[in-house]
2 protein chains.
Amino acid sequence: MTDPLSPIFAALADPTRRTILGMLLEDDMAVTDVAEPFQMSLAAISKHLQVLAEAGLISREKRGRVIWCKLEPDALKAASVWMQGFGQFEPVDLDALERFLAVELQDGEG
Amino acid sequence: MTDPLSPIFAALADPTRRTILGMLLEDDMAVTDVAEPFQMSLAAISKHLQVLAEAGLISREKRGRVIWCKLEPDALKAASVWMQGFGQFEPVDLDALERFLAVELQDGEG
DNA sequence: GACATATTCAACCATCCGGTTGACGATGCC
DNA sequence: GGCATCGTCAACCGGATGGTTGAATATGTC
């Protein structure tokens with residue numbers, strides 16, 4: 001499953017994770033601070049951040065004992081581009097589109 | 001859980017379902033015809049169509065004994081709008097996408 | 001060294017998901 | 001009526017998901 005879009009959409013399918021993305025839109029945050037407004041355990045939030053990171057939607061950088069989470073817009077952009085293929089364009093070869101997006105994503109990462 | 005976005009993203013998280021949406025972009029299709037190119041049972045495709053319908057991404061209309069599936073772009077638009085809330089990247093790589101689509105459309109069908 | 005904080009790991013649990021198969025209700029055709 | 005076709009339903013299965021708790025690993029502070 002090297003398809004990049006599936007984990008992105010799967011990550012976006014959870015409202016907690018979408019809320020987290022919204023929080024990270026304002027600023028980078030430590031894991032503990034991300035977890036603070038939620039009524040669930042820190043471990044649960046940590047797992048959500050793991051899902052977001054594996055989808056490429058965020059990155060995590062450890063500085064000292066704190067792990068900073070940062071929004072990575074490229075993955076969202078990939079999903080957005082895919083959807084625009086539906087909104088505005090005529091029939092498209094989706095497999096080719098996904099190959100295109102895969103290249104796009106690789107492009108973004110160092 | 002009346003949140004409309006979660007089922008939409010969850011539906012998009014499966015590559016089979018995304019492919020189905022791509023097929024329906026060209027034209028409305030009967031369930032059997034949707035299932036034809038896939039290496040899985042008709043019942044499995046029927047379930048996928050159920051998921052897409054519950055997310056609002058398609059509608060199904062019974063005419064005779066055939067059920068016609070139709071793309072409903074509004075749901076996709078809702079998800080797209082949500083993502084644009086994130087969009088500093090909003091003017092997606094439309095240039096690249098258009099170049100891609102131009103090649104695609106020439107290459108593919110007439 | 002001792003202790004507190006930040007985060008993950010591991011085990012566990014209930015539920016959901018994607019697939020199968022076989023039976024079933026509707027519909028169209030002869 | 002009898003039969004094939006269209007599509008879903010129901011039961012089942014293995015694996016993923018979302019949550020819990022408690023222990024473990026780093027790191028910072030005194």
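Residue numbers start from 1 in every chain, and the chains themselves are labelled A, B, ... in the order their sequence lines are given, proteins ahead of strands.
Atom pair A:I45:CD1 and D:dT20:P shows a separation of 9 Å (rounding to whole Å applied). Protein atom CZ of A:R65 is 18 Å distant from nucleotide atom P of D:dT25, rounded to whole Å. Rounded to a whole Å, the CG atom of A:D3 is 13 Å from the P atom of C:dG18. Atom CZ in A:F9 sits roughly 17 Å away from atom P in C:dC17 (whole-Å rounding). Atom CH2 of A:W68 is separated from atom C1' of D:dT27 by 15 Å (rounded to the nearest Å). The NZ-P distance, from B:K47 to D:dC12, rounds to 13 Å in whole Å. Here the C1' atom of nucleotide C:dC17 and the CE atom of B:M40 are 13 Å apart, to the nearest Å. Between B:E61 atom CD and D:dC6 atom C1' the separation is 16 Å, expressed in whole Å.
Here A:S46 does not reach the OP1 or OP2 of C:dT7: none of its side-chain N or O atoms lies under 4.0 Å away. Between C:dT8 and A:R60, a contact under 4.0 Å exists linking OP1 or OP2 to a side-chain N or O. Contact between the side-chain N/O atoms of B:S41 and the OP1/OP2 oxygens of C:dG19 is not found at any separation under 4.0 Å.
Contact of the A:W82 side chain with the B:L76 side chain is registered, since non-hydrogen atoms from C-beta on lie closer than 4.5 Å. Here the side chains of A:L24 and A:L57 are not in contact, with every heavy-atom distance at 4.5 Å or above.
Positionally, the nearest nucleotide of DNA chain D for B:V66 lies more toward the 5' end than for the other of B:V66 and A:G64. If you find the closest nucleotide of DNA chain C to B:A43 and to A:L49, the one lying nearer the 5' end belongs to A:L49.
Counting non-hydrogen atoms under 4.0 angstrom, B:I67 reaches the backbone sugars and phosphates but no base. B:K62 comes within 4.0 angstrom of sugar-phosphate atoms only, judged by non-hydrogen atoms across all strands, and of no base. At the heavy-atom level, B:R63 lies nowhere under 4.0 Å from the strands shown.
Between C:dT7, D:dG7, D:dG18, one nucleotide has an atom nearer to the side chain of A:R17 than all others, and that is D:dG18. Here the side chain of B:D14 is nearest to one of D:dG7, D:dG19, C:dG18, namely C:dG18. Of the listed nucleotides (D:dG7, C:dT20, C:dT8), C:dT8 has the atom at the smallest distance from the side chain of A:L42.
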Between A:R18 and B:D3, is a salt bridge (charged side-chain N to carboxylate O under 4.0 Å, His left out) present by the stated rule, with each step listed?
CA-CA 12 Å; A:R18 290 200 306 276; B:D3 149 37; 2.9 Å; yes
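Put simply, the side chain of A:S6 gets close to the backbone of B:A13: a donor and an acceptor are under 3.5 Å apart. B:S46 contributes no side-chain N or O that, together with a main-chain N or O of B:L42, makes up a donor-acceptor pair within less than 3.5 Å.
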